[in-house]
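See below for the structure under consideration.
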Amino acid sequence: MSLVTGVGLTPFGRHEGRSTLDLMSLAAADALTDAELERGDIDGLITGYSTTHPHLMLSTVFAEHFGLRPTYAHAVQLGGATGFALVMLAHLLVEAGAARRILVVAGENRLTGQSRDAAIQTLAQVGHPIYEVPLGPTIPAYYGLVAARYAHEYGEQDLATLAVLMRANAARTPGAHLRDPITAAEVRASKPIASPLRLLDCCPVSDGGAAFVIARDEAGRRGPRIRGAAQAHTHQHVSAAPSLTAFGAGDCAARALAAAGVGLPDIGYAAIYDSFTITLAILLEEIGLAPRGGAGRLAAEGHFDPAGAMPLNTHGGLLSYGHCGVGGAMAHLAETVRQMRGEAGPRQIPPPALALLHGDGGVLSSHVSLVLENAR
């Protein structure tokens with residue numbers, strides 16, 4: 001069985017003068033230090049992609065930059081699901097014996113390394129080149145469409161409390177991009193972005209990096225075990241989605257739980273992708289962590305608070321810790337590892353025995369679920 005044995009995470013926010021490779025290197029160095037390993041101990045390398053450094057061979061470019069000579073290297077592109085997909089691939093490779101210690105690393109200077117117009121142009125390409133892109137939608141616009149359909153199906157739901165919770169969690173997390181407290185009223189009154197989504201329903205654009213060492217479960221090696229993993233892919237473009245209320249997240253999480261031999265009631269901590277409040281609500285509900293149309297209500301009742309029945313994204317998630325591309329969701333895993341180790345400081349909860357992580361890419365089109373077991 002494989003372990004997440006090293007964790008590296010930079011602060012998210014503004015890193016003037018730091019390149020994508022610099023941010024990846026900072027996170028990678030921290031992960032190796034945490035795992036008590038040297039560069040020469042790493043025989044596998046898996047990276048994501050970068051919109052500010054779009055090299056066709058990012059994994060080997062980073063190996064050269066960081067001073068690695070892996071016997072296996074791979075780069076993956078799966079949108080927001082990429083971070084967990086990297087970990088899943090590393091887990092499968094370690095289980096298969098293809099490598100013993102794999103460095104998984106991502107990072108990007110997405111805030112300072114490109115203009116606003118360039119960022120919008122790049123991210124708009126998630127749309128269909130014929131049926132969607134010419135109409136001018138942005139990523140928030142696609143999620144606004146999904147949010148409108150959600151409201152049609154389940155009635156107008158107040159999701160502001162999800163944003164409030166993420167900000168409260170980030171306020172206790174060093175390195176979070178956004179830490180100033182917000183209220184539900186402020187979320188509802190913030191600038192309209194893509195109806196019904198407002199500014200505080202949306203994650204910030206950040207610079208940052210994250211890295212892990214995925215290794216064989218060996219004597220003396222610490223870290224949570226990866227018990228189960230699964231993926232689901234239902235569509236790429238919104239105009240081709242078979243449903244705007246069922247996106248494959250529930251099936252993906254169920255198969256990951258089955259692979260781990262556990263059920264949803266066994267889970268003590270949830271790390272769920274939250275690029276927008278609507279993203280978080282839909283994923284929580286489809287996975288079964290909240291009833292349909294009920295995620296906002298449960299959040300208001302304290303269900304997802306650190307002291308609640310299902311602690312959620314205790315570092316602040318994408319909505320407040322920040323979003324630096326592939327590394328964004330990887331911060332969810334870093335927090336999960338720290339909670340399991342009892343290293344989360346003032347936001348520490350009773351270390352969970354089992355955690356469920358879920359990421360999505362595109363517009364809820366690609367899904368990856370992980371189940372971690374505390375090995376303490």
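Because only heavy atoms are used, hydrogens play no part in the values below, and waters and symmetry mates are left out as well, while side chains stay in.
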If you take all heavy atoms of [X] and [Y], which pair is closest and at what distance?
| X | Y | answer |
| --- | --- | --- |
| P129 | H237 | CD-NE2, 4.3 Å |
| A75 | G48 | CB-O, 3.7 Å |
| L3 | G223 | CD2-O, 3.4 Å |
| V205 | L111 | O-CD1, 3.5 Å |
| G322 | P204 | CA-CG, 3.9 Å |
| M88 | A229 | CG-CB, 3.6 Å |

Please confirm whether the backbone N or O of [Y] pairs with a side-chain atom of [X], one donor and one acceptor, at under 3.5 Å?
| X | Y | result |
| --- | --- | --- |
| E108 | S50 | no |
| R347 | A344 | yes |
| Q157 | A151 | no |
| D274 | L280 | no |
| T173 | N169 | yes |
| Y143 | C202 | no |
| Q236 | S365 | no |
| T10 | G209 | yes |
| D207 | T112 | yes |
| E132 | S239 | yes |

Could you tell me if [Y] and [X] have a donor-acceptor pair between their side chains, going purely by distance under 3.5 Å?
| X | Y | result |
| --- | --- | --- |
| Y154 | T245 | no |
| S206 | H177 | yes |
| D251 | H367 | no |
| N109 | T20 | yes |
| T51 | T122 | no |

The single option from V213, T5, V337, V7 passing side chain to side chain contact (heavy atoms under 4.5 Å, CB included) against D34: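 When V213, T5, V337, V7 are each tested with D34, the side chain to side chain contact (heavy atoms under 4.5 Å, CB included) holds only for V7.
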Verify same cluster id: M24, F84 (apolar side-chain graph, 4.5 Å): no
Provide the full list of ring pair (Phe, Tyr, Trp, His ring centres under 6.0 Å) pairs with a residue in residues 178-236, sequence neighbours left out, each pair given once. none
Would you find more than 12 non-hydrogen atoms of other residues, nucleotides or ligands less than 6.0 Å from [X] atom [atom1]?
| X | atom1 | value |
| --- | --- | --- |
| R18 | CZ | no |
| E156 | CD | no |
| E36 | CD | no |
| E64 | CD | no |

Cationic tip of R39 above F66 ring, under 6.0 Å, 45° of axis: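 Here R39 passes the 6.0 Å and 45° test against F66.
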Flag the pair D217 and R221 as a salt bridge only when some basic side-chain nitrogen lies within less than 4.0 angstrom of an acidic carboxylate oxygen.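 No.
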State whether R227 and D266 are salt-bridged, where the test is any N-O pair (Lys NZ or Arg NE/NH1/NH2 against Asp/Glu carboxylate O) under 4.0 Å.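 Here R227 does not pair with D266 in a salt bridge, since their nearest N and O are not under 4.0 Å apart.
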Is there side-chain contact between L284 and L312, with at least one heavy-atom pair below 4.5 Å?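 A side-chain contact under 4.5 Å exists here.
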Take R167 and L200 through the side chain to side chain contact (heavy atoms under 4.5 Å, CB included) test and state the conclusion after the steps. CA-CA 10 Å; R167 187 63 63 87; L200 295 179; 4.0 Å; yes
Parallel, tilted or perpendicular for F62 and H65, by the 30°/60° rule?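 Judged by the thresholds at 30° and 60°, the geometry between F62 and H65 is tilted.
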All pairs passing side-chain hydrogen bond (donor to acceptor under 3.5 Å, both in side chains) where residues 195-205 contributes a residue, at least two apart: D201-T277
Looking at NE2 of H91 and CD1 of I226, how far apart are the two atoms once the value is rounded to the nearest 0.5 Å?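 It comes to 6.0 Å.
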